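Structure record follows, encoded as structure tokens.
Just so it is clear, the structure is predicted and the values come from calculations on it, not from any experiment. Residue numbering restarts at 1 for every chain, and letters A, B, ... go by the order of the sequence lines.
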Number of protein chains: 2
Amino acid sequence: MATANVRDVAALAGVSVGTVSNVLNQSKPVAPDTAKRVLDAIDKLGFIRNDAARQLRVGQSRTVGIMVLDVSNPFFTDIARGVEDTLTTFNRSLILGNSGESASRELSYLDLFEEQRVAGLLITPVGNVLTRLERLRERGSPVVLVDRHENARSFSSVSVDDYRGGQIAAEHLLEVGRTRIAFVGGPRAVLQVAQRSGGAQDAIREHGAVPLRILELDSMRADAGRVGAEQLLALPPAERPDAVFAANDLIALGVLQALTHAGARVPDDIAIIGYDDIYFAANAAIPISSIRQPAWEMGRTATELLMAEIDAPRSTDFRHVVFQPELIVRESTSRP
Amino acid sequence: MATANVRDVAALAGVSVGTVSNVLNQSKPVAPDTAKRVLDAIDKLGFIRNDAARQLRVGQSRTVGIMVLDVSNPFFTDIARGVEDTLTTFNRSLILGNSGESASRELSYLDLFEEQRVAGLLITPVGNVLTRLERLRERGSPVVLVDRHENARSFSSVSVDDYRGGQIAAEHLLEVGRTRIAFVGGPRAVLQVAQRSGGAQDAIREHGAVPLRILELDSMRADAGRVGAEQLLALPPAERPDAVFAANDLIALGVLQALTHAGARVPDDIAIIGYDDIYFAANAAIPISSIRQPAWEMGRTATELLMAEIDAPRSTDFRHVVFQPELIVRESTSRP
DNA sequence: GGCCATCGGTAAAACGATTCAATACACGAC
DNA sequence: GTCGTGTATTGAATCGTTTTACCGATGGCC
């Protein structure tokens, strides 16, 4: 019933506990036949190392924490998968927290991570937690910011060039001959939204006569897309846009639904391009063009930055990896 | 740099470490002003309890493990959210593992959970791990099965009546006047698929003349749906079904895409009903009818069963909660 | 006044791994 | 025969909590 411990293993193998530990961690050479006796004993007893004891002694855990904004958004689960896959190659594990954009949940997860003495933390912060994160780092848990680099030069980070992504999207719409473009976005306070629309605006401005209508909505989900599309459909025909750039793919899906419902043809009447390139954009009824963010690779890179800081603590050169977005063309923006 | 510990707190507050512990855990009454001195000291030092030490002493962690089949399937993240929300009310936290349907990943996560001495485990098993789970339970970590109750009467479980779900879906298609129905499913080896199609088959058989065509595909994702739909479209018009029952919503989305691409009208030419009722079914270009599984509630109930077992260990009455699926009617199956 | 509870609090003994200084042993070299 | 060198192993100390046995003081009761 009570789980076997190193002492039991040592007794059965006829060695000391130190030797068992050496076998377990390969920290010192152990004679082959001794090692075999120990391994046999471990096997016979079904011994499983007590990680709490190990952690207490070593002072740090082997798990890494990640805090995401929204587990139900595939973009974030893709990042998490990249992190998880990479961590397993480092022989470490992951504990996942979901802030759900709530600052108080974020704080309670930070407490948890700190109690656990996580080896490191990947976070897309929602509240104002920078000083808290600095404390975490001072206490031995390095932190890497994911997709939020804003004026936080004192942490390593990975992000995507959202301004450029906005440019690319707008340029693509112009290239396929669209002349009246609308940006349907979430709250302007979200940095990503502001930069994507800014990039689109600048790209369009270079082309002179084409107007850009910007719709600001209060969410980044499909319902916002539906509301936005309905507003556009209500415009007099002359002002009605012939292309929509959605701030993310969830919104784009909402737009597509509302347009389909109203009988507008996509892309003939109105083209749609989204952002993130989630699975459900590629598999929509009309496959939706999108600006791809390399979510899995972002997860991997963030993890590698974190591992580097874990291995070289108190280093002060923070790296900021900026990924380039990529245009994925699908039917929703094909030439009429 | 080194984080403060109970001894430091005790020294600053002028009490013994035992008292600090009592304040922390409210295990024994502490005089109000003593408690205040302790809390002040904790605050001043920025003390955060070392969970590894606590765990070592208590013998068990305060976190619960959950192992899901596929984090990129919204159905499972919805379950996980239900679990997470419920656990926070019990003041416990969650460590999430993603087996990705791989038996070897599942095993390595089981190792992790056992090293961590998790308080309990929620799992949708993929490999043959029942004896391993029994060991886990014997060592103090109760286990509850999620969505896989198959001949495992020796564990509590939550699941959904898939046979009934299949019936409901087929009955609905008949009710809206469909006469040639196809079931597009994943591998028959997946129990859920077999039961859903079985339920549909029996419901249809009761209605005499209506045939049911069953397509077995090798995945449960959108690509399988596309392939299935193309096979159906290739049939001679007289044999072509006028309704598709997809084994899950991902497949339904693929079907919708292929039909749209081929110019078939949904629901006029072909109706579609899916299974799971994920977010992306409701927000598809043509909102897709679905058989809802109460994912969040399943997560909550599984957690409650687990907590009950944690509080009353070595109990042997295992409960099996079977949820009833619910028909959600949307445009994809409205009457022509 | 003697006895017993009750209340607040203390000190020390766990928990189970890792680590480090110490030692044992073998083997050559001189 | 001694010294040195290297390898293998030992055993005790340690990490930071919780818990248990115990203690002194206070007050109620007969």
5'-most to 3'-most nt of DNA chain C touching chain B (<4.0 Å, heavy-atom partner on protein side) reads dG8(C) to dG16(C)
Any chance you could lay out the salt bridge (Lys or Arg N to Asp or Glu O under 4.0 Å) test for Lys36(B) and Asp40(B), step after step, and finish with the verdict?
CA-CA 6 Å; Lys36(B) 182 172 178 346; Asp40(B) 286 350; 2.8 Å; yes
Generate the contact string for nucleotides 11-18 of chain D. Rules: B means base contact, S means sugar-phosphate contact only, - means no protein heavy atom under 4.0 Å.
BBBBBBBB
Reckon Thr34(B) touches a base, only the sugar-phosphate, or nothing at all at heavy-atom distances under 4.0 Å?
sugar-phosphate
With sequence neighbours left out, what residues match Thr131(B) under side-chain hydrogen bond (donor to acceptor under 3.5 Å, both in side chains)?
none
Check side chain to side chain contact (heavy atoms under 4.5 Å, CB included) between Leu122(A) and all other residues, then give those that pass, not counting sequence neighbours.
Ile66(A), Val83(A), Val144(A), Val146(A), Ala302(A), Thr303(A), Leu306(A)
Partners passing salt bridge (Lys or Arg N to Asp or Glu O under 4.0 Å) against Glu114(B) (at least two apart in sequence or in another chain)
Arg132(B), Arg135(B), Arg139(B)
Pairing residues for Ser21(A) by the side-chain hydrogen bond (donor to acceptor under 3.5 Å, both in side chains) criterion, not counting sequence neighbours:
Asn25(A)
Looking at residues at least two apart in the chain, or sitting in another chain, which of them share a side-chain hydrogen bond (donor to acceptor under 3.5 Å, both in side chains) with Thr86(A)?
none
Rounded to 10°, the angle between the first-five-pair and last-five-pair axes of the helix from dG1(C)-dC30(D) to dC30(C)-dG1(D) is 60°
Kindly write out the residues that satisfy side-chain hydrogen bond (donor to acceptor under 3.5 Å, both in side chains) with Thr88(A), not counting sequence neighbours, or none if the list is empty.
none
With Glu134(A), which residues qualify under salt bridge (Lys or Arg N to Asp or Glu O under 4.0 Å), at least two apart?
none
Tell me whether the side-chain N or O atoms of Lys28(A) pair up with the base of dT9(D) as donor and acceptor below 3.5 Å, since no angle test is needed here.
yes
Which residues pass the side chain to side chain contact (heavy atoms under 4.5 Å, CB included) test with Glu115(B), not counting sequence neighbours?
Ile48(A), Arg49(A), Asp51(A)
Mind checking side chain to side chain contact (heavy atoms under 4.5 Å, CB included) for Glu101(B) and listing every partner two or more places apart, or none if nothing turns up?
Leu69(B)
